[in-house]
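First the structure, in the form of structure tokens, and then the observations on it.
We count ligands from 1, going down the list as the structure has it; atoms in each ligand are counted the same way.
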Amino acid sequence: MYILGIETSCDETSAAIVKDGQKVLSCAISSSLDFHRRYGGIVPEIAYRMQLETITYVLDAALKEAKIKLKNISAVSVTDKPGLLGSLLVGVCLAKAVSFSLRIPLLSVDHLHSHIYAAFFNNKTIKFPAVALVVSGGHTSLFYVQSFDQIKLIGQTQDDACGEAFDKVAKILGLGYPGGPYLEQIAQGANAKKFKFACSNTKAPLDFSFSGIKTALFYQIKYQKPKNKKETADIAASFQETVIETLINKSFLAVKLKKTHSLILGGGVIANCRLRDKFTAAAKENGVKLYFPQKDLCMDNAAMVAGLGYQLLKLGYRSGLDLAAGSN
Ligand code: KG4
Ligand code: ZN
């Protein structure tokens, strides 16, 4: 069964064809990131205008690469929340048009839940229940996952998202945007113990807070300018290490509290190699099975939307043409 996935929650415009929830036949992605760079963040108006212009080309590219005709699609799955409203609307409208014109089922998926699904493409035997950590530019959330349609939020950031903190710290350090990959690059091989940073405590143990560490780093730089590139790299590495350790501590605490043995990771920040290595070591130490997506499926993409849509279709879910973007 071929499912068409559509993802337009932020700056990406993506369409994918996935067979039986497992085989990614194509995943076309167009990003408006270059147009946002000069503003140092995503400008919603630019994002959705670009999405309107590109979405049909992206759909064509996905069909062509998969060597599939639109009429052979069995269902269409689309991200309906959370995200930028104008952007979500572009994807939802196209999905409705495809569903209506072909008389095929329409599925709506939550963006964060689809980030969790990304790990299922390269790990076919993930056992439920599991704890899932989703770390992206807009969210840092812990979930208790009992099945593809029973996903409960058990912790989340109280202020900045983890990726957002990476981006803001990279900006303070004078690196490029989005900052995560740049920060990881300069932190490589640097001394992560040189500077002492800490993530603020939260009232609920499974919640997160990243704005304090970002502010601490801002004042560190303001009052004690790094003397050279090596010192900047040490600051970046010390920040990165502290954030990763916090993510590890909270995730494994959730695994313990929920008495599971599986931990799934998803979201853009999971592309970070240091994070992947440190989680892998911690999982080994704690006897926990760890699953994360291949690097290119950590970032926003429509394959994960098609994959989760397939599972929801099998469970009997359908969305109507009255589907609204951005609602809960
Ligand atoms: O999931 P995603 O593609 O989009 C959202 O749903 O937000 O995540 C984008 C975020 C950005 O904040 C970016 O800086 C971060 O993921 N990111 C990274 C790395 N690659 C991307 N953060 C740390 N290290 C990386 N290698
Ligand atoms: Zn995302």
Under 4.0 Å between a Lys/Arg side-chain N and an Asp/Glu carboxylate O for R49 and E45? yes
Does the N or O separation between [X] and ligand 1 drop below 3.5 Å for any pair?
{"X": "N272", "answer": "yes"}
{"X": "G163", "answer": "yes"}
{"X": "F166", "answer": "no"}
{"X": "G137", "answer": "yes"}

Do me a favour and list the nearest non-hydrogen protein atom to [atom] with residue, atom name and distance?
{"atom": "atom 26 (N) of ligand 1", "answer": "E184 OE1, 2.7 Å"}
{"atom": "atom 22 (N) of ligand 1", "answer": "G180 CA, 3.4 Å"}
{"atom": "atom 15 (C) of ligand 1", "answer": "V269 CG2, 4.0 Å"}
{"atom": "atom 14 (O) of ligand 1", "answer": "D167 OD1, 2.6 Å"}
{"atom": "atom 2 (P) of ligand 1", "answer": "D300 OD1, 3.5 Å"}

Answer yes if the ring centres of Y177 and H36 are under 6.0 angstrom apart, and no otherwise.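 For Y177 and H36, the ring centres are not under 6.0 Å apart.
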For the aromatic rings, using the six-membered ring if either is Trp, is the centroid distance between F239 and F195 under 6.0 Å? no
Taking 2.8 Å as the cut-off, does an N/O/S atom of H139 lie below it from the Zn ion (ligand 2)?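 Looking at H139, which is the residue asked about, there is no N, O or S atom under 2.8 Å from the Zn ion (ligand 2).
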Tell me if a side-chain donor or acceptor on D159 pairs with a main-chain N or O of F210 at a distance below 3.5 Å.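 It does hold such a pair.
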Have [X] and [Y] got a donor and an acceptor in their side chains that come within less than 3.5 Å?
{"X": "D300", "Y": "H115", "value": "yes"}
{"X": "Q294", "Y": "D296", "value": "yes"}
{"X": "S108", "Y": "S319", "value": "yes"}
{"X": "Y317", "Y": "D149", "value": "yes"}

[X] touching ligand 1 at heavy-atom level, < 4.0 angstrom:
{"X": "H115", "result": "yes"}
{"X": "H111", "result": "yes"}
{"X": "C10", "result": "no"}

Axial cation check for Y144 ring with K258, 6.0 Å and 45° limits: yes
Apex the Zn ion (ligand 2); atoms D300 OD1 and H115 NE2; angle rounded to 10 degrees: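 With the Zn ion (ligand 2) as the vertex, the angle is close to 90°.
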Sub-4.0 Å atoms of ligand 1 with respect to non-hydrogen atoms of S136: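 Heavy-atom distances to S136 below 4.0 Å select 1 (O), 5 (C), 6 (O), 7 (O), 8 (O).
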The option among G267, G268, G179, G138 carrying the non-hydrogen atom nearest to atom 8 (O) of ligand 1 is G268
In terms of heavy-atom contacts, does CG of N201 have more than 12 from other residues, nucleotides or ligands at under 6.0 Å?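 No.
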